[in-house]
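What follows is a single structure, written as structure tokens, with notes after it.
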Amino acid sequence: MTRTLSQGQADLLRLLAQMPFLDRLEMAALAGMSRGGVYEAADRLEDAGLIDSVPHGTPLLASTRRCYLTERGVEALALAEARPVGRLLREYPLSLRWRRTLLERLDAAAVIYRLTSALADLDHPVDFRWSRALPQDATVTLSDGLVLAIVRQGLTAERAGFAKRLWRLAQGPRPGAVLVIVPEEVRLRQAVALLRDARTGASPVPAFFALERHVAADGAADPIWRSSAGAALSLDEAVGRANTGGMVAAEPPLVRVSIPRDINPGDIDGSGEGEYTPDHLLSVLLRPAEKRALDLLADWPWLTRNDLAGLLDVSLPRVSQFTVALERLGLATGFQLDARRLALTDRGLKLLARRDRVSTGEARQRWSVNTGNDGEGVSGRRSRQLLRDLEHTAAVHRFVAALNRQARGLGWNVEQLDPPHRASRYFRHYGGPRSLHPDAFGILRRNGVLRPFFLEYERRAVRPATMAQRLAPYLRYYSSHRPADDHGHRPLVLVVFDDPVAPAHFLEVARREMLRLRVPLPLLASHRELLERQGPLGPAWLAPGGDFQPVEPLHRYQ
């Protein structure tokens, strides 16, 4: 077969050497070939045993099959290019180490491949390079020499770690522009601020930002990118605003390389023993819904199956299927506490950390549910903190799950639901550092209307002095321009009590504090029993002032 390779087949082998695990539509875009031509050439290469494919899907991307070079394919490419196999393994990401790395990052790589395919629609050919340890995930060089660095922030990435990546990027060889992919609107605004030079107020290199779900679904002509100044741009317009040329950051080649063995179909069809599936193959073994469940368990440790069903908006039997599969693979585990509650294992934490390029060790220090060195309690400090006040944790879980269930029936899309560790906001007040630590943050959208909100679940704030203390961080935050800067709108502040009498007392305290400080708060309060009857989006909320009767439902509160 190697002596009868057509030019198109040789080009596909070379493309898959440069960008392993492309699907066929991406191959067509990047090779500059018709879809029919790519499908025919790929079929012949697969029949000859030079390429193979693995199944893959994510919550953002439809299931597909992603192709890679087999051992015979690597040898065929080396023969076609008249180069030793060892040199080929050093020049392309084909080695055993590279394959494991790309498979661990495959969910992220798939979105980056979609973005690169869109760039190829604008300018062909493109040169693509993966990065192992550089701050950027990949670098794309267009035909005119323009260098674009691609940086993705994963869902589990902490703000400090991602800030360090962006700082390292700004200190190194500068590309013509940076394309930053982020998971949520709030973190998009944070990324803009992180790349902004403190002295000049501008990015050291042109930077453009987009939400990951838009990058996965939209094309080069869609205005999904935002400049540092906030202008909405298409990918074509963003590329047009980049600096000319740019530098490509270089990584030293691997010293020791070896050809990886072909992937065993038994490891990825779900028929084998889950615990013995290699870690790097989990990204192709898991289905999109199971990956979504993993992300939710990472966000909200100690979920019950019922609350997980609410957050996924599926039936309880369906959730049981997911959780049984995740437990069989050793990615999640259950604990019999007040109810059966689920959390990620260290293996599950490692899977998400490798996908998002964050420290596995730090993830375990924060979230591990293994027993600590003293034999008592869980070792992860954040998981331990949530477990200590399980009644409060469970109440927050019930609220966000009920909100997600009710939203769809009322025509709202829940664009964002952040757990406490991502809902926190840090700001300065009269020159001093201050912070806000709500129990959750969310964004609802319907017909172009955005409704961001903070959630506070209060069980102990029953005295006026304690209530005033709980309000103080919000009064400081809302006395500045930060709410609008962070979210584009002033989020509602939702406060929930166990005691049905407490909301009225709390709102009276809030009214006095707002008058005293002259800081208006978009504040609503309710209590658990009323919310259980009406739902979080029902007529269950009281506003400051007036006779404290229930106001219009939250989804109508403007």
Side-chain angles (χ1 to χ4, degrees), residues 21 23 25-26 54-66 102-115 117-118 137 152-157 181-188 210-219 222 224 268 270 281-301 303 305 307-316 318-326 329 331-332 342 344 348-358 400-401 403-405 407-408 412-419 422 442-445:
F21 301 107
D23 71 14
L25 291 178
E26 293 160 355
V54 293
H56 180 251
T58 77
L60 298 178
L61 293 166
S63 296
T64 185
R65 294 197 68 87
R66 298 195 166 275
L102 289 176
L103 283 168
E104 288 170 342
R105 298 183 192 173
L106 193 54
D107 290 0
V111 175
I112 292 172
Y113 280 159
R114 289 297 168 94
L115 172 55
S117 300
D137 292 278
R152 173 187 175 270
Q153 181 182 23
L155 192 62
T156 63
I181 305 171
V182 294
E184 301 161 348
E185 181 70 32
V186 173
R187 287 202 267 189
L188 186 150
L211 299 181
E212 187 169 25
R213 64 178 180 269
H214 294 160
V215 175
D218 297 329
D222 297 299
I224 63 172
I268 58 175
L281 292 180
L282 290 169
S283 62
V284 297
L285 175 62
L286 292 171
R287 293 172 293 180
E290 293 164 347
K291 293 178 179 180
R292 175 65 180 139
L294 273 179
D295 280 327
L296 286 171
L297 289 175
D299 280 351
W300 310 94
L303 277 172
R305 281 195 172 98
D307 289 338
L308 181 58
L311 288 168
L312 287 168
D313 198 21
V314 298
S315 67
L316 193 56
R318 184 72 172 138
V319 161
S320 295
Q321 293 177 0
F322 300 157
T323 55
V324 166
L326 295 177
L329 290 166
L331 298 171
L342 300 164
L344 294 187
L349 294 172
K350 178 182 176 182
L351 172 68
L352 299 184
R354 293 288 177 86
R355 178 198 67 185
D356 293 339
R357 295 189 65 187
V358 301
V400 294
L403 174 72
N404 197 62
R405 285 192 191 99
R408 179 170 293 185
W412 284 88
N413 179 43
V414 182
E415 288 202 346
Q416 192 169 329
L417 270 179
D418 285 346
R422 288 210 306 271
I443 299 178
L444 302 170
R445 180 189 291 272

Inter-residue atom distance Leu297.CG - Leu326.CG, 0.5 Å rounding: 7.0 Å

Pairing residues for Arg445 by the salt bridge (charged side-chain N to carboxylate O under 4.0 Å, His left out) criterion, not counting sequence neighbours: Glu415

Validation row: Leu351, Arg355 side chains within 4.5 angstrom (heavy atoms): no

Polar side-chain atom of Arg187 near backbone of Leu155 as donor-acceptor pair, under 3.5 Å: yes

Residues in salt bridge (charged side-chain N to carboxylate O under 4.0 Å, His left out) contact with Asp218, at least two apart in sequence or another chain: none

Side chain to side chain contact (heavy atoms under 4.5 Å, CB included) assessment of Val186 paired with Gln416: CA-CA 9 Å; Val186 173; Gln416 192 169 329; 3.6 Å; yes

Sequence-distant partners of Ser283, side chain to side chain donor-acceptor pair (under 3.5 Å), two or more places apart: none

Interatomic spacing from CD in Glu185 to CD1 in Ile443 - rounded to 0.5 Å: 6.5 Å

Contacts of Phe322 that satisfy ring pair (Phe, Tyr, Trp, His ring centres under 6.0 Å) - sequence neighbours left out: none

Residues that Asp356 engages under side chain to side chain donor-acceptor pair (under 3.5 Å), provided they are two or more places apart: Arg152, Thr156

Atom pair CD/CZ of Glu184 and Arg213 - distance to nearest 0.5 Å: 8.5 Å

4.5 Å side-chain heavy-atom contact, Leu25 and Thr64: no

Pairwise side-chain contact, Val414 with Leu444, heavy-atom cut-off 4.5 Å (strictly under): yes

Matching residue for Leu331 among Thr323, Leu352, Leu286 - test: side-chain contact (heavy atoms from CB on, under 4.5 Å): Leu286

With sequence neighbours excluded, residues passing salt bridge (charged side-chain N to carboxylate O under 4.0 Å, His left out) with Asp299: Arg422

Side chain to side chain contact (heavy atoms under 4.5 Å, CB included) partners of Asp313, counting only residues at least two apart: Asn404, Arg408

Side chain proximity check, Leu344 to Leu294, heavy atoms < 4.5 angstrom: yes

Residues forming a side chain to side chain contact (heavy atoms under 4.5 Å, CB included) with Glu104, sequence neighbours excluded: His280, Arg354

Closest heavy-atom pair and its distance - Tyr113, Phe21: CE1-O, 3.6 Å

Contacts of type side chain to side chain donor-acceptor pair (under 3.5 Å), residue Glu26, not counting sequence neighbours: Arg66, Arg114

Nearest atoms (heavy-atom pairs only) where Pro59 meets Pro288: CG-O, 3.6 Å

Side chain to side chain contact (heavy atoms under 4.5 Å, CB included) against Ala401, all qualifying residues, sequence neighbours excluded: Asp307, Leu311, Arg405

Contact summary for Leu417 and Trp300, nearest pair of heavy atoms: O-CZ2, 3.9 Å

CG-CG distance between Leu106 and Leu281, expressed to the nearest 0.5 angstrom: 10.5 Å

Non-neighbouring partners of Thr58 that pass side chain to side chain contact (heavy atoms under 4.5 Å, CB included), sequence neighbours left out: His56, Leu60, Leu61, Asp107, Lys291

Residues forming a salt bridge (charged side-chain N to carboxylate O under 4.0 Å, His left out) with Glu290, sequence neighbours excluded: Arg287

Over all atoms of both residues, closest heavy-atom pair of Pro183 and Gly154: CG-O, 4.2 Å

